[in-house]
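Inspection log for the structure reproduced underneath, given as structure tokens.
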Amino acid sequence: MRLNFPVLGSLALFAAATLSAATPELKQVKKVYFLQMTAGLDQYIAHQLTLGNVFEVVTNPKLADAIFSDRIGEGLEAKLLELYPPPKPPEDPKVADVKDKEKEKEKEKAKELSKDLAGSGAVTHPPSTWGRGRGNIYLIDRTSRSVLWTAFQKPKNSQAAELDRTASMVVGKLKKDLGLAPVSSKQ
């Protein structure tokens, strides 16, 4: 099958339009908030984003359009619920009284359990963060909770220069995907 130049040109334009239209939600992001990342990588990425004028980095999560994280899953969902709790529906006063009594019972049970654990010598540990931050970076839409953009760039070590190099590469990829940086032949 032989294709002529007008057909090839049309295919190239279609492919370019498809690629640029692939991330319209990403292009709507203006302000970002960072969740803590392994080895403080969040600080380096925030620095590079600000330096490159890519996004405005905010310290109040309620002002953000999207959130950067190096993990997804249940832990992230819990953190997002903590940062952005759903609005509470108006309650019937009778139902509220019953719920208050149930909460008091739960608090009493928790106190008794903690006394039992303290007396037994059991040691409790916070959940482990081992295994997070293996090079994945996610930009998550605050409202839809969809992953808008992702990159993989694992730092070779936790030295400041290496973290800065890694952050620069992550932001470079983001700029390229946003159409803010020229596409280089080397990856």
Side-chain angles (χ1 to χ4, degrees), residues 13-90 126-187:
L13 285 174
F14 176 75
T18 304
L19 287 174
S20 66
T23 58
E25 297 89 0
L26 178 61
K27 292 185 179 192
Q28 299 301 314
V29 174
K30 303 293 181 222
K31 297 179 181 183
V32 295
Y33 178 78
F34 280 85
L35 295 179
Q36 186 176 6
M37 294 182 183
T38 304
L41 183 59
D42 53 308
Q43 304 297 308
Y44 292 90
I45 296 174
H47 169 73
Q48 290 292 333
L49 286 173
T50 304
L51 192 65
N53 245 358
V54 180
F55 292 132
E56 181 181 345
V57 177
V58 296
T59 58
N60 181 346
K62 295 190 183 343
L63 299 176
D65 302 315
I67 292 98
F68 272 99
S69 177
D70 64 351
R71 61 194 161 113
I72 55 176
E74 289 178 14
L76 174 64
E77 284 301 316
K79 186 64 177 175
L80 291 176
L81 279 175
E82 178 187 323
L83 293 172
Y84 310 107
K88 294 180 181 179
S128 172
T129 57
W130 184 257
R132 68 180 248 220
R134 296 193 185 266
N136 290 306
I137 308 293
Y138 303 98
L139 182 61
I140 298 133
D141 182 88
R142 172 189 162 180
T143 321
S144 70
R145 306 271 186 4
S146 298
V147 175
L148 299 175
W149 179 84
T150 187
F152 177 80
Q153 190 66 47
K154 186 175 180 180
K156 294 176 184 168
N157 57 53
S158 60
Q159 299 288 320
E162 177 60 19
L163 291 171
D164 192 51
R165 183 193 71 80
T166 301
S168 179
M169 293 178 79
V170 167
V171 172
K173 180 184 182 324
L174 179 59
K175 287 173 80 170
K176 177 183 156 205
D177 293 349
L178 283 167
L180 300 175
V183 180
S184 70
S185 58
K186 295 194 289 187
Q187 290 289 340

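- Atoms CD1 and CD, from I140 and E77 in turn, are 8.5 Å apart once rounded to the nearest 0.5 Å.
- Proximity of a side-chain donor or acceptor of D141 to a complementary backbone N or O of S146 within less than 3.5 Å is not detected.
- Under the side chain to side chain contact (heavy atoms under 4.5 Å, CB included) test applied with H47, the options L163, V171, V57, D164 reduce to a single match, D164.
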Set out, in order, the CA-CA distance, both residues' side-chain angles and the distance that settles side-chain contact (heavy atoms from CB on, under 4.5 Å) for I45 and Q48, then state yes or no. CA-CA 5 Å; I45 296 174; Q48 290 292 333; 5.7 Å; no
Could you go through the side-chain contact (heavy atoms from CB on, under 4.5 Å) check for K27 and L178 one step at a time? CA-CA 7 Å; K27 292 185 179 192; L178 283 167; 4.1 Å; yes
Derivation of the side-chain contact (heavy atoms from CB on, under 4.5 Å) call for V29 and W149: CA-CA 11 Å; V29 174; W149 179 84; over 6 Å; no
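- Heavy atoms only, all atoms of each residue included: M37 and I137 are closest at SD-CD1, 4.0 Å.
- The aromatic rings of F34 and F68 lie parallel to each other, their planes meeting at an angle below 30°, with 60° marking the opposite boundary.
- Although no hydrogens or angles enter the test, the distance criterion places a donor-acceptor pair under 3.5 Å between the side chain of E162 and the main chain of K156.
- Residues satisfying the side-chain hydrogen bond (donor to acceptor under 3.5 Å, both in side chains) test with T50, not counting sequence neighbours, are none.
- Of all heavy-atom pairs between V170 and Q153, the closest is CG2-CB, 3.7 Å.
- Distance CG/L49 to NZ/K175: 9.5 Å, rounded to 0.5 Å.
- Between L174 and L26 there is a side-chain heavy-atom pair separated by less than 4.5 Å.
- R142 contributes a side-chain N or O that, together with a main-chain N or O of K62, makes up a donor-acceptor pair within less than 3.5 Å.
- In terms of modelled atom types and a separation under 3.5 Å, the side chain of D70 and the main chain of T38 share a donor-acceptor contact.
- Summarising the geometry, atom CG belonging to D65 is positioned 8.5 Å from atom NZ belonging to K30; distances are rounded to the nearest 0.5 Å.
- From R145, atom CZ reaches atom CG of L80 across 4.5 Å, with rounding to the nearest 0.5 Å.
- Between D42 and Q36, the shortest heavy-atom distance links the atoms OD2-CA, 3.9 Å.
- Of all heavy-atom pairs between N60 and Y33, the closest is C-CD1, 4.1 Å.
- A64 approaches Y84 most closely through the heavy-atom pair CB-OH, 4.3 Å.
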